[in-house]
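Scope of the values below: all heavy atoms of this structure, side chains included, with no hydrogens, waters or symmetry mates.
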Amino acid sequence: MITSDAIAWNAPNDPHPARAASQRSYSAVAKGDLAEWLTVYAEDCVLEDPVGRSMFDPEGKGHHGHAGISAFWEKAIAPIASFEFDIYDSFANPESNTCANIGRIKTAFPDGSYTVTELIMVYVVDDDGRVKSMKAFWEPDRTMASFTKP
């Protein structure tokens, strides 16, 4: 499922549908491929990244449907020069449609500066294996405190 060298997956790696969807999502983001990313998400999905109010979601209600997550992409993903994902644990009960991944994401900007975000990402998939809910738990202030100039 991982199709990018920008992803270090050091966690359980069975074919759980939510885990596989998370890997497809990371791969599309790492490649900067919005069209591929949208195929990972259900039409009625809700994405909260981060959960609660933030610079990406001032009302804290999440981004809804493909139109909402496409707008999120343009605001939060498209301006980034590169992403490096380091997933170091993943929990997925075989009898569920959910997984929780723990890791960090290095986000590099065009000028070479970067931030590192420590986070937990929870994916819930539908019967077709498409993400219907993604919640990323991270603290914007902690991420901004990691800002490093080249």
Side-chain angles (χ1 to χ4, degrees), residues 1-34 36-42 44-64 66 68-73 75-109 113-148:
M1 293 299 157
I2 295 173
T3 59
S4 171
D5 291 338
I7 302 164
W9 188 272
N10 299 301
N13 197 20
D14 61 46
H16 188 280
R19 189 173 282 144
S22 73
Q23 292 173 341
R24 290 192 314 271
S25 178
Y26 303 148
S27 291
V29 168
K31 292 188 291 186
D33 191 333
L34 171 59
E36 181 180 327
W37 191 64
L38 290 175
T39 68
V40 176
Y41 287 81
D44 61 347
C45 65
V46 178
L47 181 139
E48 299 175 70
D49 187 356
V51 171
R53 293 182 185 156
S54 72
M55 62 287 221
F56 304 127
D57 183 11
E59 294 183 16
K61 295 181 179 180
H63 309 277
H64 297 258
H66 281 194
I69 69 172
S70 292
F72 169 81
W73 178 283
K75 192 183 297 185
I77 298 172
I80 304 304
S82 67
F83 291 89
E84 293 177 23
F85 294 85
D86 180 12
I87 306 303
Y88 47 83
D89 214 342
S90 180
F91 299 90
N93 181 332
E95 303 301 320
S96 77
N97 63 344
T98 304
C99 80
N101 298 334
I102 302 172
R104 68 179 59 90
I105 302 171
K106 181 178 178 182
T107 306
F109 301 95
S113 62
Y114 65 89
T115 60
V116 176
T117 302
E118 301 279 345
L119 71 170
I120 299 169
M121 297 157 284
V122 179
Y123 290 82
V124 179
V125 296
D126 62 18
D127 291 340
D128 296 323
R130 295 179 76 195
V131 177
K132 62 182 183 180
S133 170
M134 195 289 274
K135 294 183 178 188
F137 296 88
W138 57 278
E139 297 176 17
D141 288 347
R142 285 175 61 178
T143 294
M144 294 313 297
S146 75
F147 182 78
T148 303

[atom1]/[X] to [atom2]/[Y] distance, rounded to the nearest 0.5 angstrom?
{"X": "Phe56", "Y": "Phe72", "atom1": "CZ", "atom2": "CZ", "answer": "6.0 Å"}
{"X": "Glu84", "Y": "Ser4", "atom1": "CD", "atom2": "OG", "answer": "9.5 Å"}
{"X": "Ser146", "Y": "Tyr114", "atom1": "OG", "atom2": "OH", "answer": "8.0 Å"}
{"X": "Ile102", "Y": "Ile120", "atom1": "CD1", "atom2": "CD1", "answer": "5.0 Å"}

I'd like to check the salt bridge (Lys or Arg N to Asp or Glu O under 4.0 Å) partners of Arg104; sequence neighbours left out, ordered by chain and number.
Asp86, Glu118
Applying salt bridge (Lys or Arg N to Asp or Glu O under 4.0 Å), can you list everything that pairs with Lys106, at least two apart in sequence or on another chain?
none
Residues in side-chain hydrogen bond (donor to acceptor under 3.5 Å, both in side chains) contact with [X], at least two apart in sequence or another chain:
{"X": "Ser22", "value": "Asn101"}
{"X": "Ser113", "value": "Asp111"}
{"X": "Tyr123", "value": "none"}

Between the side chains of Lys132 and Asp44, is the shortest nitrogen-to-carboxylate-oxygen separation below 4.0 Å, so that they form an ion pair?
no
Mind jotting down which residue pairs meet the salt bridge (charged side-chain N to carboxylate O under 4.0 Å, His left out) criterion with at least one end in residues 46-57? Sequence neighbours excluded, please.
Glu48-Lys135
Determine whether [X] and [Y] make a side-chain contact, defined as any pair of heavy atoms from C-beta on separated by less than 4.5 Å.
{"X": "Asp14", "Y": "Arg19", "result": "yes"}
{"X": "Thr148", "Y": "Thr115", "result": "no"}
{"X": "Trp9", "Y": "Tyr26", "result": "yes"}
{"X": "Ile77", "Y": "Phe83", "result": "yes"}

Donor-acceptor pair between Tyr41 and Ser25 side chains, under 3.5 angstrom
yes
May I ask you to decide if Ala71's main-chain N or O and His63's side chain share a donor-acceptor pair within less than 3.5 Å?
no
